[in-house]
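Each remark here refers to the structure printed beneath this line.
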Amino acid sequence: DAKTTQPNSMESNEEEPVHLPCNHSTISGTDYIHWYRQLPSQGPEYVIHGLTSNVNNRMASLAIAEDRKSSTLILHRATLRDAAVYYCLAAWGKLTFGQGTILTVHP
Amino acid sequence: GAVVSQHPSWVICKSGTSVKIECRSLDFQATTMFWYRQFPKQSLMLMATSNEGSKATYEQGVEKDKFLINHASLTLSTLTVTSAHPEDSSFYICSARDLLAYNEQFFGPGTRLTVL
């Protein structure tokens, strides 16, 4: 796994977009970029993953830098239910979690 | 789809007893499952990788004789905490990797273990 660096915390207002950054400068060519989120006392929830191209799904968008050394998870319109710890991982196979970003969403 | 269940969701046991936690992939087959533990306000720590039909691979520092892992089928892996002690109290989470989608991994809801 490549080491990832994320801000400890971020805040957003409800219905505003949120951009969660992640640095993974030591990523290897076969590592995928994964994003999960976790609510207290629950298992992580899959959000999105990608390799080189930007990805969109019903939950979020993933923007991957051209050199793949960083990526950004985009929540287009934050809701209160999006408040969670967001984990960015760069890996092929087993996933090793860092500390993640605590996202607070204000009403 | 892609649902992983764990049983039990919580368990309280006395020191010295053994506890078994089940992890099931409900709607897909998983040749590989992973076991994590998480202490309060900390991130998930990978304990071991469980492969169907073979021995588990443990991360450095994890006692394989204390945390017994069995992966007998493509949908079931079990973690047995043997001779549990209060320091084993934690949140145990499993994940399963889809046989047909190598880079997709789905997590169970977790099991809260409290050892008295």
Side-chain angles (χ1 to χ4, degrees), chain A residues 1-9 20 22 24 27-53 55 57-60 62 64 68 71 83-104, chain B residues 1-7 9-10 21 23-26 28 30-51 56-62 79 89-99 101-114:
Chain A
D1 292 16
K3 180 176 168 55
T4 58
T5 303
Q6 299 178 252
N8 290 332
S9 62
L20 297 166
C22 181
H24 28 78
I27 192 169
S28 71
T30 56
D31 288 343
Y32 277 73
I33 299 159
H34 307 259
W35 283 84
Y36 288 83
R37 68 183 186 184
Q38 187 182 27
L39 294 171
S41 297
Q42 294 187 25
E45 176 188 23
Y46 168 82
V47 178
I48 202 166
H49 78 286
L51 184 61
T52 56
S53 303
V55 185
N57 65 21
R58 64 174 181 82
M59 289 181 69
L62 174 60
I64 301 172
R68 300 209 327 125
S71 62
V85 179
Y86 285 78
Y87 294 101
C88 164
L89 306 98
W92 167 258
K94 67 181 182 181
L95 300 177
T96 303
F97 285 74
Q99 293 306 307
T101 296
I102 300 171
L103 176 64
T104 301
Chain B
V3 178
V4 176
S5 70
Q6 284 185 238
H7 178 80
S9 55
W10 59 270
I21 302 170
C23 176
R24 293 181 185 273
S25 56
L26 298 185
F28 66 98
T31 52
T32 304
M33 292 183 173
F34 302 88
W35 287 96
Y36 296 80
R37 66 189 296 184
Q38 186 176 32
F39 293 107
K41 298 192 183 301
Q42 294 187 23
S43 186
L44 286 79
M45 185 193 81
L46 179 64
M47 299 175 66
T49 302
S50 166
N51 292 298
T57 303
Y58 291 82
E59 295 298 305
Q60 192 172 10
V62 177
L79 168 70
S89 298
S90 188
F91 192 51
Y92 291 87
I93 306 168
C94 72
S95 70
R97 188 163 65 200
D98 192 325
L99 174 65
Y102 188 84
N103 272 291
E104 293 188 21
Q105 214 175 114
F106 301 96
F107 287 79
T111 297
R112 174 77 58 194
L113 170 63
T114 302

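All of these numbers come straight from a predicted model, not from anything done at the bench. Below, chain A is the first sequence line, B the second, and so on; all start at residue 1.
Taking the centre of each ring, B/F107 and A/F97 come in below the 6.0 Å mark.
For B/E59, the part lying near chain A is the side chain, with the backbone staying farther off; criterion is any non-hydrogen pair under 4.5 Å. Contacts between B/L44 and chain A at a heavy-atom distance below 4.5 Å involve backbone atoms as well as side-chain atoms. Residue contact with chain B, scored on non-hydrogen atoms closer than 4.5 Å, is absent for A/I102.
In this structure, A/Y36 and B/Q105 approach most closely via the heavy-atom pair OH-O, 2.6 Å. Nearest heavy-atom pair across A/Q42 and B/F91 is O-CE2, 3.7 Å.
B/R97 CZ to A/K94 NZ: the interatomic distance, rounded to the nearest 0.5 Å, is 10.5 Å. Between the CD atom of A/Q38 and the CD1 atom of B/I93 there is a distance of 5.0 Å, given to the nearest 0.5 Å.
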